[in-house]
Engineer: 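Submitted below is the structure of interest, expressed as structure tokens.
Residue numbers begin at 1 in each chain, while the letters A, B, ... track the order of the sequences. Not measured: the values here are computed from a predicted model.
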There are 2 protein chains.
Amino acid sequence: MPRANEPGRTVSSRLWDLLFAFDPDHTELSLADLVRRTGIPHATARRLTLELVEAGALERTGDNRFAIGLRLWRLGTLAPRAETLRSAAQPFVEDLYTALRQHVQLAVLQGDQAVIIERLSAVNAVGLTSQVGGHLPLHCSGVGKVLLSHNSPEFIDEVLAGRLRRFTPKTIVDPAELRRELASCRSTGTVVVKEELSEGAESVATRIVDGTGRVVAALSVVVAAGSIKLQAAVPSLVASGLGLSRSLGWRPGIPIRTS
Amino acid sequence: MPRANEPGRTVSSRLWDLLFAFDPDHTELSLADLVRRTGIPHATARRLTLELVEAGALERTGDNRFAIGLRLWRLGTLAPRAETLRSAAQPFVEDLYTALRQHVQLAVLQGDQAVIIERLSAVNAVGLTSQVGGHLPLHCSGVGKVLLSHNSPEFIDEVLAGRLRRFTPKTIVDPAELRRELASCRSTGTVVVKEELSEGAESVATRIVDGTGRVVAALSVVVAAGSIKLQAAVPSLVASGLGLSRSLGWRPGIPIRTS
DNA sequence: ATCACTTCATCCGTTCAACGGACAGGGAAG
DNA sequence: CTTCCCTGTCCGTTGAACGGATGAAGTGAT
């Protein structure tokens, strides 16, 4: 006999539970997978999943599995902080990459992470695992430090008070030292990170500012540790960053907000 | 006194109505906008919209409006036919663009349209309005013809029986003539389109094949009409297309399926 | 200052969409 | 054959969803 449904749960929350069951390591899931990963009873999961397919949010693969649909991808394309920014940045990122032939990354802030919006990579450059759509920690990546340093004092306190994971022996996890770095980054607009996230990789990052003076993104170049290339990359990086900021409406004289 | 809710509508359908109210020309909408565009009563629209914000599918902009959220964008990133294909294609598209300095487009099939997955553009090249996430007609664009020609006979019949919109005087709308072109494209793998979609623009497109022999995408180069560049572009385009197909697991000898 | 208008927010009684346990069919493994 | 897992369907119960009414807040014209 049918039992009452669990109270306090909305249809919407269940739908997003199902969708967020997909991740970079699981881009295709069967109905049983979805049931296991979400805990939703399978009759319910099935009904909702089929509705998602009908809406175009999911697609069925040949072998009775589900994947994120093209229609949902196109929706994501409309996110002002992602694809719109990405296309504005495209020529600058492109030129920077052509000039340096090193990894170039563009990232924005989401929660307590830096999310990679765009990424160009040379085949012969340092190996990196990060992907477009992937995320980097705020306290020990170039883009992360830029985004963190230009946020509100309360937010900085919150992040520094949290767990600062040590990725390599060189990762800076001392809050006092990090604060000094962030202050420096705030005044210069750029920051250098050496092997704090992965050994053998160094990066420089710079801020991207919009017409209202808000720091909306960070642009970085990643090179092999110890190579002379890092110093050579700084001027081009800064120039590209300023160019992109200008194309977003920023002009010299517009104060850069640090709220 | 409260009236009964309209029957035959699911929560899910309303949620997607709200989300799909966003389009390239309307990336930010107020609650009132959403009510107007979807026809959903505002009390309902408000409740659902706030749930979408909570889930991260939408974000609130400063001025009480809503926009597609970064979380939804990241979900879209997991679509195998979009971002995954895009990153596999990146080096090839990149090299093709470097060699030719002309518009390069990568598209896949969705319904009766070709959806643009990736696009690199030269500043001094022909003006095009298409954007990443945008769509092109199947019967008069390079990528469209490639994708259409490698689909099932039933699908081709259906498209040719539908309305074939004339965009320019040169647009081919005669089904018989189109069938001849599609047959030629099926055997050679490439197709040339001259000013059928917009005057002053010509394009060459080639198919992209995966390890199972299925045509999963189309790659094209767009140049100014009448320029000698079109002929020069063909060999590089074909080479890049083959390279991308190989990286997707295709090998010479694997038959190309036309279902 | 007053009015007209738009947008956002909350309340609350009604009702149907959503729920999920039970069962059945199909295919693969032992 | 039996067991196990997965997908798909049925159907009685019930609380989440619904939306009209009402009011607050903001905007602009006269």
Side-chain angles (χ1 to χ4, degrees), chain A residues 1-23 25-69 80 212, chain B residues 1-23 25-69 80 212:
Chain A
M1 58 213 68
R3 266 232 324 258
N5 33 4
E6 180 189 353
R9 304 225 42 184
T10 63
V11 180
S12 175
S13 77
R14 285 181 228 252
L15 286 175
W16 295 109
D17 282 352
L18 285 169
L19 288 173
F20 289 127
F22 293 86
D23 65 46
D25 297 324
H26 303 84
T27 58
E28 296 191 4
L29 297 172
S30 68
L31 178 57
D33 292 334
L34 285 166
V35 168
R36 264 189 299 272
R37 293 170 74 87
T38 61
I40 297 174
H42 88 274
T44 303
R46 182 182 142 74
R47 181 167 33 82
L48 294 180
T49 302
L50 292 184
E51 273 186 303
L52 287 173
V53 170
E54 203 175 348
L58 293 181
E59 287 176 3
R60 301 198 77 144
T61 63
D63 53 343
N64 243 357
R65 297 199 298 174
F66 299 90
I68 301 293
T212 71
Chain B
M1 56 212 69
R3 267 234 324 257
N5 35 4
E6 181 190 355
R9 304 225 42 185
T10 63
V11 180
S12 176
S13 77
R14 284 180 228 252
L15 286 174
W16 295 109
D17 282 351
L18 284 169
L19 287 172
F20 288 128
F22 293 85
D23 65 46
D25 298 324
H26 304 85
T27 59
E28 297 191 3
L29 297 172
S30 68
L31 178 57
D33 292 334
L34 285 167
V35 168
R36 266 189 298 273
R37 293 170 73 88
T38 61
I40 296 174
H42 85 275
T44 304
R46 182 184 141 74
R47 181 168 33 82
L48 295 180
T49 302
L50 292 183
E51 274 186 303
L52 288 174
V53 170
E54 203 176 350
L58 292 181
E59 288 176 1
R60 302 197 77 140
T61 63
D63 54 343
N64 242 359
R65 296 199 299 174
F66 299 91
I68 300 293
T212 71

Engineer: Could you tell me whether the phosphate oxygens of C/dA17, OP1 or OP2, come under 4.0 Å of any side-chain nitrogen or oxygen in A/Arg14?
Structural biologist: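 No, A/Arg14 has no side-chain N/O under 4.0 Å of OP1/OP2 on C/dA17.
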Engineer: Can you confirm whether the side chains of B/Thr61 and B/Arg65 place a donor and an acceptor under 3.5 Å from each other?
Structural biologist: no
Engineer: Would you say C/dC19 has OP1 or OP2 under 4.0 Å from some side-chain N or O of A/Thr44?
Structural biologist: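 No, no such contact exists.
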Engineer: Apply side-chain contact (heavy atoms from CB on, under 4.5 Å) to A/Ala21 and list each qualifying residue two or more places apart in sequence or on a separate chain.
Structural biologist: A/Leu29, A/Leu34, A/Arg37, A/Thr38
Engineer: So, using salt bridge (charged side-chain N to carboxylate O under 4.0 Å, His left out) as the criterion, who are the partners of A/Glu54 when residues are at least two apart?
Structural biologist: none
Engineer: Using a heavy-atom cut-off of 4.0 Å across all strands, would you classify B/Leu48 as base, sugar-phosphate, or nothing?
Structural biologist: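 Sugar-phosphate, no base atom in range.
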Engineer: Using a 4.0 Å cut-off on protein heavy atoms (strictly under), produce a 5'-to-3' string for nucleotides 3-10 of chain D with B for base contact, S for backbone-only sugar-phosphate contact, and - for none.
Structural biologist: ---SBBB-
Engineer: Angle, rounded to 10°, between the helical axes spanning five pairs at each terminus of the helix from C/dA1-D/dT30 to C/dG30-D/dC1?
Structural biologist: 40°
Engineer: Does A/Arg47 make a side-chain N or O approach to OP1 or OP2 of C/dC19 shorter than 4.0 Å?
Structural biologist: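 It does, given that an N or O in the side chain of A/Arg47 lies less than 4.0 Å from OP1 or OP2 of C/dC19.
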Engineer: In chain order, what residues pass the salt bridge (charged side-chain N to carboxylate O under 4.0 Å, His left out) check against B/Arg47, with sequence neighbours excluded?
Structural biologist: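 Expected list: none.
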Engineer: Quick one: which of B/Val35, B/Thr49, B/Leu18, B/Leu15 gives a side-chain contact (heavy atoms from CB on, under 4.5 Å) with B/Ile40?
Structural biologist: B/Leu18
Engineer: With sequence neighbours left out, write down each residue that passes salt bridge (charged side-chain N to carboxylate O under 4.0 Å, His left out) with A/Asp25, or none if nothing qualifies.
Structural biologist: none
